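Right, one structure below, let's go through it.
Because the structure is predicted, anything quoted here is derived from the model rather than measured. Hydrogens, waters and symmetry mates play no part in the numbers below; they use all other heavy atoms, side chains included.
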There are 2 protein chains.
Amino acid sequence: MARITQRDIAQLCGLDTSTVSRSLQGDERIHEATRARVVDAARRLGYRPNLAARALVGGRAQVLWLVLASVGATADWRTTHAVTSATESTDYDLFVALHGNDEARYERLLARLAQGLVDGAVVLPRRHVSDERLLRELALRDYPLVLVDVWIDGLPVPAVTTDNDGASRLLARRCAEAGARGFVLLYGDNNPVVRERTAGARAELAALGLPWTEIGSVDDAWQETEPWPDGPLAMLASAQETVLAYCRRNAGRLADRRLVAGCFDEWRGEPSPADRVFVAPQDHDAIARQAVRLLARRVECPNEPTERRVMVQIKPIEEVVPRF
Amino acid sequence: MARITQRDIAQLCGLDTSTVSRSLQGDERIHEATRARVVDAARRLGYRPNLAARALVGGRAQVLWLVLASVGATADWRTTHAVTSATESTDYDLFVALHGNDEARYERLLARLAQGLVDGAVVLPRRHVSDERLLRELALRDYPLVLVDVWIDGLPVPAVTTDNDGASRLLARRCAEAGARGFVLLYGDNNPVVRERTAGARAELAALGLPWTEIGSVDDAWQETEPWPDGPLAMLASAQETVLAYCRRNAGRLADRRLVAGCFDEWRGEPSPADRVFVAPQDHDAIARQAVRLLARRVECPNEPTERRVMVQIKPIEEVVPRF
DNA sequence: CTGTTAGCGCCTTCAC
DNA sequence: GTGAAGGCGCTAACAG
């Protein structure tokens, strides 16, 4: 695999390598005939520019990474494809770096970021992170990073996420409009995202004057400090699974009440204990586009101050008809 | 993001950059004290080697790619994770390059391969390939490539695949042992893999003296040139879906016969028209390991002749109990 | 319009 | 044991 370099072309054409370089870049100043000769020779020789050399001199590799644990879950590969597509329209190439939640692999990957072959990274943070030392270190160096879907409190890295507050309010309102008279909030408080969803629902329900209870774990039962008005009960959660698990655990109490359910992203059409089901579909494509846009800008204008958080609206809330 | 280079360390320590370079590589000849000083300074300054420079001088980037269309399908992300893990134990890092069956993206990706930032690639060929010009071109240059799961006739690139012939024979035999007296082979002939599976089953059934028919498309009905012996009928295919589709289309003819089914990889426990179901699980982990091993060797010993095809045995055939 | 020169960051002879 | 020098392939500033 004898590597063909610009020098080979230069020799063949009786030119200097710098002329070859300029010709290949389509430099205005080069005589059209010369350029044609060079380009032709390059093609004939099967010349491929050496990107390592280019990255070295340019200080840029025109490469972005998507760093995430794995691509098995639906949400993960959707994001993966969305980010890949979003990068299409830029001057960058995107590659996926998987760490499989393995500590060593994660460290190794992040270490590679600041080593000249990657200009920036979209990071899907691990769910149960104890120590984000490495991300923090990169952030300190102003290495271009963008988080998606989730953000990490205290980490000075921009994040592109759903407007969880707004989405949660919409979802609660739709359930109220469907007649719900009491609300069970199953978002939990494991991370900033679900806390924001809880807060949104809370605010909306307060405004509507409807009673609610917040459940930390699907195993907890809810309390009505004073009896709630008659009428359907709404269960709101991030995921379908949570709603179903809760209904299963509290089948007894729920047996004689009509139910409404609301969750994010999708309801996969399993038998449902709720009469009506509403879904708030996150706009993963838009999130990916924004993330890539933000990242590219951070790479190209490192000094420009950057938004700390970009909010993306959900797609219109859908009502799903569950199969029985 | 002022990049720290070996020169910074050299200045700080009052040494030459070459000494720094050697110290950082753990060169034997360097005075232990010097080495310690250098390593310490590097750590304090937050030095990260520039991999573009290293790739340039070394001619190697220590990077491998997995090139595939997408990671949505189960088989694809399984392979992705398997290849990622298999690379763990090598000196290479692996990144995933997705082309989404988009012609332009595919070309751009393959073009990048021979450009100094990637030492070799595991390629999961596209299913419906008209023109593998680019792969052929890379192969011609002896660029290190390895195909997995599938191979392409006439393409001089090593492939790591299941021993489809052997697997298919085993599957046929198990169905015969379960009492099947007639066989419908639904593998089709779209690609070399399924042709090999057809051939394997054919050979086994000939040896067992059992009758079979080969169906090109699930829409075709089968012919018994002379009536088959009484007893259960076996339907063999690469995927569960094919078996189910065929049974659906031929529900009438099959209604009064007992059925046995056999397929590759998995049977996802849907209601089944067959009493007994056998699955030949491909060993994706082993395939990935072999592929990475082969690729690494091709990168490191470019002149050494390479195996054209590596066959991996399936895992033991499983009987699945379908839910009704 | 094109050649000369210098340098990106690192590694590797070759000297001392 | 360490320094000096050269080069990997490419680009950019400066000449002419």
Side-chain angles (χ1 to χ4, degrees), chain A residues 1-39 41-42 45-63 91 111-119, chain B residues 1-39 41-42 45-63 91 111-119:
Chain A
M1 213 180 34
R3 303 202 113 295
I4 310 289
T5 73
Q6 291 189 351
R7 201 168 55 192
D8 298 314
I9 303 176
Q11 265 162 5
L12 187 66
C13 297
L15 292 168
D16 187 80
T17 61
S18 56
T19 307
V20 172
S21 172
R22 283 190 286 246
S23 302
L24 260 23
Q25 302 175 61
D27 189 308
E28 298 286 308
R29 302 170 300 184
I30 297 289
H31 204 86
E32 175 51 28
T34 320
R35 203 194 57 74
R37 251 170 66 218
V38 168
V39 168
L45 293 174
Y47 166 76
R48 307 262 109 190
N50 182 317
L51 298 183
R54 197 174 274 177
L56 183 57
V57 55
R60 292 268 176 76
Q62 300 303 117
V63 165
D91 293 332
R112 276 200 85 122
L113 285 178
Q115 302 199 123
L117 290 184
V118 193
D119 300 327
Chain B
M1 218 182 30
R3 305 201 111 298
I4 309 290
T5 73
Q6 293 189 348
R7 199 166 57 192
D8 298 314
I9 303 176
Q11 265 162 5
L12 186 65
C13 297
L15 292 168
D16 188 80
T17 60
S18 55
T19 309
V20 172
S21 173
R22 283 189 284 246
S23 301
L24 260 22
Q25 303 176 61
D27 190 307
E28 298 286 309
R29 303 169 299 184
I30 297 289
H31 208 84
E32 174 52 28
T34 321
R35 203 193 57 76
R37 252 169 65 217
V38 168
V39 169
L45 292 174
Y47 167 77
R48 308 262 110 190
N50 182 315
L51 299 182
R54 197 174 272 177
L56 183 57
V57 55
R60 291 266 176 77
Q62 300 303 117
V63 165
D91 294 332
R112 278 201 83 122
L113 284 178
Q115 304 199 127
L117 291 183
V118 193
D119 300 326

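Residue pairs meeting the side-chain hydrogen bond (donor to acceptor under 3.5 Å, both in side chains) criterion with at least one partner in residues 45-62 of chain A, sequence neighbours excluded, are A/Gln6-A/Tyr47.
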So if I define the base as every atom that isn't primed, P, OP1 or OP2, how would nucleotides 8-16 of chain C read as a B/S/- string at a heavy-atom cutoff under 4.0 Å? BBSBBB---

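With sequence neighbours excluded, no residue forms a side-chain contact (heavy atoms from CB on, under 4.5 Å) with A/Glu28. Contacts of A/Gln11 classified as side chain to side chain donor-acceptor pair (under 3.5 Å), with partners at least two apart in sequence or in another chain: none. Partners of A/Val57 according to the side-chain contact (heavy atoms from CB on, under 4.5 Å) rule, which considers only residues two or more places apart in sequence or in another chain, do not exist here. Applying the salt bridge (charged side-chain N to carboxylate O under 4.0 Å, His left out) test to B/Asp16 and every residue at least two apart in sequence or in another chain returns nothing. With sequence neighbours excluded, the residues that form a salt bridge (charged side-chain N to carboxylate O under 4.0 Å, His left out) with B/Arg112 are A/Asp93. In this structure A/Thr17 satisfies the side chain to side chain donor-acceptor pair (under 3.5 Å) test with no other residue, sequence neighbours excluded. Contacts of B/Arg22 classified as salt bridge (charged side-chain N to carboxylate O under 4.0 Å, His left out), with partners at least two apart in sequence or in another chain: none. In this view, A/Leu15 and A/Cys13, A/Thr19, A/Thr34, A/Arg37, A/Val38 satisfy the side-chain contact (heavy atoms from CB on, under 4.5 Å) rule, not counting sequence neighbours.
Rounding to the nearest 0.5 Å places CG of A/Leu56 at 12.5 Å from CG of A/Leu51.
If one axis is set at each end of the helix from C/dC1-D/dG16 to C/dC16-D/dG1 from five pairs, those axes are 40° apart, to 10°.
Scanning DNA chain D 5' to 3' for nucleotides with an atom closer than 4.0 angstrom to a non-hydrogen atom of chain B gives a first and last hit of D/dG1 to D/dG9.
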